[in-house]
Each structure stands twice: as structure tokens, then as C-alpha cells.
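Following: one structure in C-alpha cells, then a few remarks.
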Number of protein chains: 2
Amino acid sequence: MVTLAEVAQHAGVSASTVSYVLSGKRSISVATRERVEQSIQQLGYHPNAGARALASSRSNIIALMVPLRTDMYVPVMMEIAIAVATTARTHGYDVLLLTGEEGPAAVRRIAGSSLADAMILMDVELHDERLPLLRETDRAAVLIGLPADTAGLTCVDLDFEATGALCVEHLAGLGHREVAVIGEAAAVYERHTGFAERTVDGVRAKAQETGVRILHRPCEGGYAAMAQTLSRIFDERPGTTGFIVQNEAAVEPLLNLLRQQGRAVPEDVSVVAICPEQVATQASVRLTSVAIPAQEMGRRSVEQVVAKLSGRGVDEVELLAPELTVRESTGPAPV
Amino acid sequence: MVTLAEVAQHAGVSASTVSYVLSGKRSISVATRERVEQSIQQLGYHPNAGARALASSRSNIIALMVPLRTDMYVPVMMEIAIAVATTARTHGYDVLLLTGEEGPAAVRRIAGSSLADAMILMDVELHDERLPLLRETDRAAVLIGLPADTAGLTCVDLDFEATGALCVEHLAGLGHREVAVIGEAAAVYERHTGFAERTVDGVRAKAQETGVRILHRPCEGGYAAMAQTLSRIFDERPGTTGFIVQNEAAVEPLLNLLRQQGRAVPEDVSVVAICPEQVATQASVRLTSVAIPAQEMGRRSVEQVVAKLSGRGVDEVELLAPELTVRESTGPAPV
DNA sequence: GACCACTGTCGAAGCGCTTCGACACACGAG
DNA sequence: CTCGTGTGTCGAAGCGCTTCGACAGTGGTC
């Protein structure tokens, strides 16, 4: 393994000079810089990460904590994680992947060992166990999701209230007066993940404003659960013509069941989904939807965390504005 | 931040003693050990990762390289990644998440900087660019997937040949004589990822043995592509009664289309899927399937890599035996 | 022409840990 | 009683890097 000292010797300068060439923290003459850079190339030098971390007390690693909840839609998590990893690289950071297994203790371990300079927490609950520990630490951190109390925390999330409102607005604009919201599994609400509730809040507010009647039903994914939910909805509100679905595993069952019942989409009923683009475009009917901006969330969270690490950056909640894309699953309410 | 030296002082011993208590590399009297452990508790000591890595030239980090190919089924990747991360923790390792963005250079960077002690490479191609670099390095490594030349490499993968054979065997046993294989997108074959070809090889071999006729068609996911593929299949082989699907994005379209064409599953046609359990059980028909043992693959790859790091462990290809679960999508061939 | 400010480079002191050899002491064997 | 053999502990030397202060040399200013 090539060391800094060997590079220095090869270039005929001192070790500190090589270090300064690498970090750019002091001015170096062009001639020297070029000579050093050439030696680095020739010898194939890579700075030792451990030594660097020890000396500078910065590891250039960001920890990404991904809880293991089975009720979350995996591809979105993955997309965020990938976006975090790639964005981090462009800022010179690597990403450490922590799963929920270890629980809140992971926060302490990572902070205590200085393994990572900062943390990004995904799938944050309203009263997340990790938050107290996080507040104790002076480590930079960003949450993806919104806890109940955001004081002193930086958060990035989709603006789910606006998302709910946007869906209702779209349907109301098409003349729908009775709208059903098919939500996440009941477990998600019980865990108080926040985003599900926020969507419904947004839906309700806009519904009131536009005079739309709302029926909200949580739903497990799959055909059996969806069939049951659907028949309940039509029993209770036979006049329902609009659906808002916020549950990836319910999308396809819903479309299939409507079809089987002879209800045409969008002629008889309109469907708006809150889901990743891929789900919306690959469904059996191309869905009008509000996308989950997974990439954007990953990217922004890294940018926030990097800003904090470099002294800039403040604690604030950043809500990403939802965008509704009209496709083939929504149309004017039947007369 | 508490240091080893402070713990030593607090416990009234030398720094090296504390180190030996932590590592267990020398015998320590019970009394001393307990005193030290108590000090560690009281002070909330966590060893500094950088210092430890520098001094021991082991970082206790495993790098996981996840290429960013959009044509791979994401949940499987994620499941493997999660399994890797959790298994790694049980062996005292953390996991660094590397995306494909950086390309083969990542191998050099990680090895050169000693950031990770070992690497696990996912989604390996037959002639993977990363392999030459990997062979240069003396870093421990395990591949998930099978390249063309496995000499000097450790690999973990599902035995896709046996998987293909198992599917044919099942259908042949039910009396099916004409079987269509619906494969991955053409891009997957062109990239020579290996697993897709291996499945077809296994299918062909067993088909010959059992006198089954095979038609193999790659297929992009989604309804449009599937509709086209399906009509071609029935044009060319009207007597087709068995399907083997190895493409998550084609599963639901296939079932829907068969239904629309008035072909009952499993009375008229049988379908065997090669896919994660979740896809098989959540499809509109519960599918007879061979599961992708994502967890097992992640777990085994870590165990192999840990074995190598501790001197045990040898270079070998470990193929996991496929298991076929009979559900409701296969039945006797119609007479 | 003396002075100052700046620029570019160097040496040395750590960062917090591991690990090697040394050493003190206790104990059983001869 | 001495010697050899373990056993438990310590001190010191690094691991490879960053960074601070020092210091030549250069050029501009009054």
C-alpha cells in the first residue's frame, strides 16, 4: 500500500506539502502541485481512510438508517437509498447502510465511534425512538419524513397535505362529488408514521372547501382485502365516483376489481394514485398520479446534511411540492 | 468524546489492558476485566473507528456494490442488501453502500484507501468490468451472481439451471407437453447477466429429457409487451399449456391477459413463476413458484466473506438449491 | 535601502488505537 | 530452595494522516 510519505519522497517534497496539495488548504506553486499530482498518479496512491479520519476527525461517511418495516413500499426506499448514495459521492462522501435491526442503539454507536460524520434517518415516526438520542448528539442529521416535534431538526419530505389537497382539487374540478380515499394498511396509521395522516388531512381540508364528500378507508394490500374494502365503500356511498389511492399494493387489485364489477375507468369512476411514477405508468390503466419524489428526497437530504457539515445550513423543514400528472384514469364525473 | 486512555485512568489500569479487555487477545484477570467493563459503561466509551482502523489495519466494514441497472427487479436487490447489512452486523461489520455510478473505479478506491476490509458485488455480469480489478486486489470478495470465469473467485447464487429444470419437471409431471418460457427483457440477455441464460439452459436440458417442447421468448414488462409476446406464442404454438415466467413485471400482465382471453388458470393453462415469494403470493392468482432466496443469498455472501477475512474460507461457487412451492396456478394439462 | 507582507514549503506534534516485547509475580516440579 | 513456566499487566512504538507554527525567499513600498 502506497503512503503519503512515499509520494512525498517520489516527488521530492515533504509529506505536509503532499497533504496540502490533496486538501487545497494552503497555496502550492503550480510546479510543485503538478509534480506531486504526477507522483500520485504514477504510484497509484490512495489516502488511507482510517488515518485520515483519525487525524482530521472526519470520516467522510454519512450513515443512512433504513428501518426494516415490511409495510413500507420497498422500491421507494431503495430509490431514496440509491439517490442518497450517488449524491453523497458527488460531495465526496460514502454511505454506510444501517438497518433497523439494531434500533436506536445504532445512533449511539455511530456517533460514539465517529464512524460517520452525519446521519440520514428514513421512515421517521411521529414519536421516533431515535430522536432523543439524536438530539443528544452533536452530529449533523437529516430526517426523511416528519416527526411530531421538529424543533431543532432538519427534515425533508413530500408535502403530503398539499398532495391530498391536489388530488381532491383535481377530482373536484372534474365534477366528482363523492370521493373515497383508499389508504395504507391500518398498521401504518397505528404506527403514526405521519405521512398517511397528513395526506388525509389535506384531503379533508380541500374537500370541505370544494364541497366534496370524503370516505376514508385504510386497506391492506392484495385482492381479498381490496375486495372487502371496495364493497364496503359502495355499500356506504353508492354514489362514489372518485378514488384516491395511497397504497401501492392496492392499486392493481382496485383496477381489476372495478373492471370485474363493470365500472369503467375513467368513464364511470376516476382514480388518482399517490405512488411512484413506475407504478402509475405500469398499471393496467395508466394512472393519473402524484409521484413520490424519491430521488429528490434522497438528493435534498444529502445536500442538507452536507451543508450542515460545512457550517452552512440551518434546521428547517423542507417540504417538496407535489406534482400531479394527468394520465388515463381520471375524467369528468358521469352525469 | 471519551478515549481509551480516559477509560484506563478511570479503571486504574494501562491503556493496553483496556485494549486487551476489548479485543480479548490476551488473558485478563476477572477482577480487572470487570473493573474495566464497568468504567466503559460508566463513561459511555465507544472506540474511535478511525483510530482502530489505522492501528489494526482493519476497518470492520464490508463494501456492498449495487449497480444501478433499471432492468433488475428492485425489491430483490433491496432484500439482499438488507440481509447483507443485518448479517454483517451480527459479525461485527458495518456495510458501505456503493452504487454503480462510480463504476469499476470504486473497486480501486475502496481497496486503495482500505475503507473496507472486503467487498460483496451484486448483479455480476458474465464479463464484469470489476473482476480484473478485483483479482488485482488482495481484498476478500464475494460475488452474488456468476461470471463466465469463476477461477479464484467466491460466488453465491441461486442454482438457476436447477431452477429451470425444476419448473419443467413440475409441468411435465402434470402432463404438459408444450411449454413457453417468458423471460427477462431482451436487454438482460444482451448484457449477459448469466442467470437468465442459465435458467433457459436448465429448462432445455430437462425438456429434452422429459420430451417437452419449449418456446423461449424474452419480454419487457408491462401490458403492451406482454400482449404482443403472448399472441406470438399462441400463434406459433397453439397447443401451449404451460408457462414458465421469469420476469416480475410480466407476471400480472400475463395473468390478466390469459383471463381476458378466456383461458382459465390452472384449468386451461398452468403458470410457474420464478420470482420472490411476495410476488407469487400477492398476484391475482396465487402462483406456483420457485422463490428467489434473496435473504439467503445476502446472508451466505456475508458468511463467506467473514470466513475469508478470518483466514478460513475458500474460493468456491455456492449454488443455492431451488425450491418449488405448489400453489394455485398449476394443474394437470387439459386433455 | 530597510522594512513589511505575502507566498510556498517544511518539521514536528499529535489523532486514539493496537500490539510487541518486557517484566513481575505466583506456582508446581525437581 | 531454585528453576522454569505460565499468567496478567505495562510501556512504548508505531499506524498514515492533518495541521500548526516557523521560516526562507520574493517583491513591493516609502
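Values reported hereafter were calculated over all heavy atoms of this structure, with side chains retained and with hydrogens, waters and symmetry mates removed.
- Summarising the geometry, the separation between CZ on B/R58 and P on C/dT18 is reported as 12 Å, rounded to the nearest angstrom.
- Nucleotide C/dT18 holds its P atom 10 Å from the CG atom of B/N60, rounded to whole Å.
- When the P atom of D/dC17 is taken as reference, atom CD1 of A/I40 falls 10 Å away, rounded to whole Å.
- In this structure, B/S29 reaches the sugar-phosphate backbone alone: every heavy-atom distance under 4.0 Å involves primed, P, OP1 or OP2 atoms, never a base.
- Where A/G50 and B/R35 each meet DNA chain D at their nearest nucleotide, the meeting point lying more 5' is that of B/R35.
- B/K25 has no side-chain polar atom (N or O) that falls below the 4.0 Å cut-off from OP1 or OP2 of C/dT18.
- Ion pair B/D123/B/R130 not flagged as a salt bridge, since none of the NZ, NE, NH1 or NH2 atoms sits closer than 4.0 Å to an Asp/Glu carboxylate oxygen.
- Taking only side-chain nitrogens and oxygens, B/S27 comes nearer than 4.0 Å to OP1 or OP2 of D/dG8.
- A/Q304 and A/V314 make their closest contact through OE1-O, 4.4 Å (heavy atoms, listed as atom of the first residue, atom of the second, distance).
- Side-chain N/O atoms of A/T17 include one lying less than 4.0 angstrom from OP1 or OP2 on C/dC10.
- B/R135 pairs by the salt bridge (charged side-chain N to carboxylate O under 4.0 Å, His left out) definition with B/D149, not counting sequence neighbours.
- We find that CE of A/M1 is positioned 21 Å from P of D/dG14, with the value rounded to whole Å.
- Residues B/S16 and B/S56 both approach DNA chain D. Their nearest nucleotides, taken by heavy-atom distance, put B/S16 toward the 5′ side.
- A donor N or O paired with an acceptor N or O is found under 3.5 Å between the base of C/dT9 and the side-chain atoms of A/R26.
- Residue A/E34 contributes atom CD, which lies 14 Å from atom P of C/dG8 at whole-angstrom precision.
- Checking the phosphate oxygens (OP1, OP2) of D/dG11, no side-chain nitrogen or oxygen of B/Y20 falls inside 4.0 Å.
- The nearest whole Å value for the distance from the CG atom in B/N48 to the P atom in D/dC15 is 18 Å.
- Among the atoms of the strands shown, base atoms are found under 4.0 Å from some heavy atom of B/L4.
- Ion pair B/R139/B/D117 not flagged as a salt bridge, since none of the NZ, NE, NH1 or NH2 atoms sits closer than 4.0 Å to an Asp/Glu carboxylate oxygen.
- Side-chain atoms of B/R52 stay outside donor-acceptor range of the base of C/dT18, with no qualifying N/O pair under 3.5 Å.
- A salt bridge does not link B/E101 with A/R89: every distance from a Lys NZ or Arg NE/NH1/NH2 to an Asp or Glu carboxylate oxygen is 4.0 Å or more.
- Contacts of B/L54 with the nucleic acid, taken as non-hydrogen atoms under 4.0 Å apart, include base atoms.
- Rounded to an integer number of Å, the gap from A/L115 CG to C/dC15 C1' is 16 Å.
- Straight-line distance from the CG atom of A/L22 to the P atom of D/dG16: 16 Å, rounded to whole Å.
- Nearest to the side-chain atoms of B/T32 among the listed nucleotides C/dG11, D/dT9, D/dC15 stands D/dT9.
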